[in-house]
Amino acid sequence: MLDATLTPPRLPAAPGVGYKAQHFNALRDDPGPVKWIEVHAENYMGDGGRPHAQLRALRDQFSVSVHGVGLSIGGEQPLDQDHLTRLAHLLDWLEPASFSEHLAWSTHGAEFLDDLLPLPYTDATLARVAEHIDQVQTRLGRRLLLENPSSYLAFSQSTWSETDFLAELVRRTGCGLLLDVNNVFISATNLDYTPQGYVDAYPIDAVGEIHVGGHDHDHDDQGAPLLIDSHGRKTAEPVWDLLRHTLQRTGPAPVLVEWDNDVPEWPILQAEAERAALALQSATAGS
Amino acid sequence: MSGVQSQFRAALLDPERSVPEGLVGADGQPTEKRFAVYRNNVTVALTEALRSAFPVLEKLLGDENFASLARLYARAHPPRTPMMMHYGVDMPEFLAAFQPLAHIGYLPDVAHLELAMRRAYHAGDVAPFDAERLSQITPDRLMASTLRLAPAVQLVPSQWPLFDIWRYNMQAGADKPRAIAQPVLVARRLFDPAPFPLTTAQAAWVAATQDGNTLAGAQDAAASIDPDFDLTPLLTLLLQQGCIADITTPKD
């Protein structure tokens, strides 16, 4: 188990944004309340060029969080050691304040399926995910923040609740957590539980970062609401409510606005960051 | 490999397959539509990755045809690594063997060019090369020297008017492609890769140089195609576009 005190999270308790290359100039000239950015690790695993040059410029002005989407920590098969090596190289030269990944799988056999796929929560999957997190933290020499998934369905064989599963992973590995409250709202709606109840049962002391973002509306075969994690629009009002509820428990924390599809002009994303700043202020005032 | 994820993966890329057992909605009942969200996510993600990798192919084929092609490609060639920036490397061979598009013979070369542009974009950086260094070397030693090209430099051989086809589809008002063989050099002066048309003799020179031949060796390779080969225009292009990383002169 990694000694978590060695590399405490250093992201500022302030708004951050998911970085998009088209915002490079606007973000640097007029960041508004944005104090940090998050990048998807896999987009910066080339050898150089504009992606690396932009990151080198941005890290002088902002704290950086590296967010992996390809490690397949929830996979049934062993971790991809080549990919771990690429990650280690990126973290080595970029020296980000934080590294996070997902409670999900995406690689099967030799195939990468480019989506965050769900896993059942059982004693067996718990042991395997804990082992994978241990390997990642040992290889990278730093604490990992693990993000809760957005769920569209459940596994009948699950014997653990997601919050207990995450709490036990924290206990066994010393990892931290990335609490995506948009994902909580989506999963709670889709699987019919209360999002506030999820947050109240969540191992809140392990939170090193919070995500908000937009989702789409659909319906399942029975006409029940089915929310889709699209990251393609503004964060919905009930998700802002859930963020404020969450911040009551965590106190000030790094809050990231995710917007990955139909990416808007900078002022619109900046306005979302302003809303996160307001939520953070009210949390500070209320605590 | 057996297990939940094998069943999940099999049903994910094949809509004819039934949803794996044990996947349920909030009411504990199996659910086709909820599983379809994952199916759709994967299809959309892979299609979008191919769309951004092959803008000229998409333009040549049209949105709908390209989307069909992308779905077929994704089922035949799912990504082999999380490095999605290089997804699509098998597209030239896939197109070459794809009967419905066999009548458009240049499509595989277009795919090669688009992959080369992507590789160039992510290639390693080099320090600027000072052209003065060339003039400080005596002609004899120069011909025995070896140029190292920048990692971003990509050569795309073609018997088709590949550069003209690219330009006709990417630049408004560009001339129609001529009936000539047109290998393409991809260069990246700072951050944005750009294609340049070469003669076949120039392409032979670049290929020989990339293979580690001396300037004399590269000259021979080009002259075997064009006895009157003159390096000057190509060397000017390579210097202007930051294609040269270094030169190694022979030890005395």
Side-chain angles (χ1 to χ4, degrees), chain A residues 40-54 68-72 74-77 80 82-83 86 105-120 125 150-158 189-193 218-222 224 226 228-230 261, chain B residues 1-6 8-10 12-13 19-46 48-49 74 77-87 118-126 150-152 188 190-193:
Chain A
H40 286 179
E42 285 71 16
N43 293 343
Y44 297 87
M45 288 181 177
D47 294 327
R50 177 176 284 119
H52 287 210
Q54 289 195 338
V69 296
L71 209 44
S72 201
E76 284 172 358
Q77 64 195 46
D80 178 345
D82 290 343
H83 199 59
R86 287 191 285 262
W105 62 281
S106 49
T107 295
H108 183 71
E111 296 172 5
F112 176 70
L113 294 162
D114 201 20
D115 191 27
L116 299 165
L117 300 167
L119 57 148
T125 60
S150 49
S151 300
Y152 307 114
L153 44 73
F155 289 82
S156 55
Q157 67 262 49
S158 286
T189 305
N190 292 345
L191 299 176
D192 201 18
Y193 52 79
D218 201 346
H219 291 90
D220 77 357
D221 313 72
Q222 278 81 39
L226 182 60
I228 314 288
D229 188 17
S230 61
N261 298 301
Chain B
M1 188 178 302
S2 65
V4 178
Q5 291 177 5
S6 290
F8 203 105
R9 181 262 167 251
L12 207 51
L13 292 183
V19 173
E21 276 183 38
L23 302 181
V24 295
D27 53 4
Q29 297 301 308
T31 167
E32 188 75 33
K33 189 155 177 197
R34 287 164 180 266
F35 188 76
V37 176
Y38 296 104
R39 272 186 179 140
N40 185 57
N41 281 354
V42 173
T43 305
V44 169
L46 299 187
E48 286 308 307
H77 298 279
R80 312 296 282 185
T81 136
M83 303 264 287
M84 289 300 289
M85 63 177 69
H86 297 311
Y87 183 47
R118 183 62 73 93
R119 279 196 303 276
Y121 184 77
H122 289 287
D125 307 300
V126 292
R188 192 187 90 200
L190 188 56
F191 295 135
D192 294 304

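Letters A, B, ... are given to chains in the order of the sequence lines, protein chains preceding strands, and every chain is numbered from 1. Source: prediction; values computed, not measured.
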Interchain contact, [X] with chain B, by part (heavy-atom threshold 4.5 Å):
X	result
A:Asn261	neither
A:Leu71	neither
A:Leu191	both
A:Thr125	neither
A:Asn43	backbone

List the atom pairs, with distances to 0.1 Å, where a side-chain N or O of residues 44-52 of chain A and a protein N or O form a donor-acceptor pair under 3.5 Å, not counting sequence neighbours.
unit_1: A:Arg50; atom_1: NH1; unit_2: B:Asp192; atom_2: OD1; d: 2.8
unit_1: A:Arg50; atom_1: NH2; unit_2: B:Asp192; atom_2: OD1; d: 3.2
unit_1: A:Arg50; atom_1: NH2; unit_2: B:Asp192; atom_2: OD2; d: 2.9
unit_1: A:His52; atom_1: NE2; unit_2: A:Tyr44; atom_2: O; d: 3.2
unit_1: A:His52; atom_1: NE2; unit_2: A:Gly46; atom_2: O; d: 3.1

Chain B contacts, top residue of [options] (heavy-atom pairs, under 4.5 Å):
options	answer
A:Asp192, A:Asp114, A:Asp80	A:Asp114
A:Leu119, A:Val69, A:Asp218, A:Asp229	A:Asp218
A:Ser156, A:Gly70, A:Ala154	A:Ala154
A:Pro118, A:Gly68, A:Ser158	A:Pro118

Check: [Y] main-chain N/O paired with [X] side-chain donor or acceptor under 3.5 Å:
X	Y	result
A:Asp221	B:Lys33	yes
B:Arg34	A:Asn190	yes
A:Glu76	B:Val4	yes
A:Gln222	B:Gln29	no

- Query: Within a strict 4.5 Å, meaning less than it, do heavy atoms of the B:Phe8 and A:Leu113 side chains meet?
  - Reply: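 B:Phe8 vs A:Leu113: side chains apart.
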Given heavy-atom pairs under 4.5 angstrom as the criterion, report whether the side chain, backbone, both or neither of [X] touches chain A.
X	result
B:Tyr87	neither
B:Asn40	neither
B:Ala123	backbone
B:Leu190	neither
B:Val24	both

Under 3.5 Å, which donor-acceptor pairs do the side chains of residues 77-86 of chain B form with other protein atoms, sequence neighbours left out?
unit_1: B:His77; atom_1: ND1; unit_2: B:Asp90; atom_2: OD2; d: 3.3
unit_1: B:Thr81; atom_1: OG1; unit_2: B:Met83; atom_2: N; d: 2.8

Please find the pair of heavy atoms, one from [X] and one from [Y], that lie closest to each other, and give the distance.
X	Y	value
A:Gly74	B:Gln5	O-NE2, 3.0 Å
B:Phe191	A:Ala53	CZ-CB, 3.3 Å
A:Ser150	B:Tyr38	O-OH, 4.2 Å

- Query: Do other residues, nucleotides or ligands put more than 12 heavy atoms under 6.0 Å from A:Gln157 CD?
  - Reply: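 Yes, CD of A:Gln157 has more than 12 neighbouring heavy atoms, counting only those of other groups under 6.0 Å.
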- May I ask you to name which of B:Leu23, B:Val42, B:Thr31 has the most heavy-atom pairs under 4.5 Å with chain A?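 Among B:Leu23, B:Val42, B:Thr31, the one with the most close pairs to chain A is B:Leu23.
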- Query: In Å and rounded to the nearest 0.5 Å, what is the CG to CG distance from A:Asp115 to B:Leu12?
  - Reply: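 Here the rounded value is 7.5 Å.
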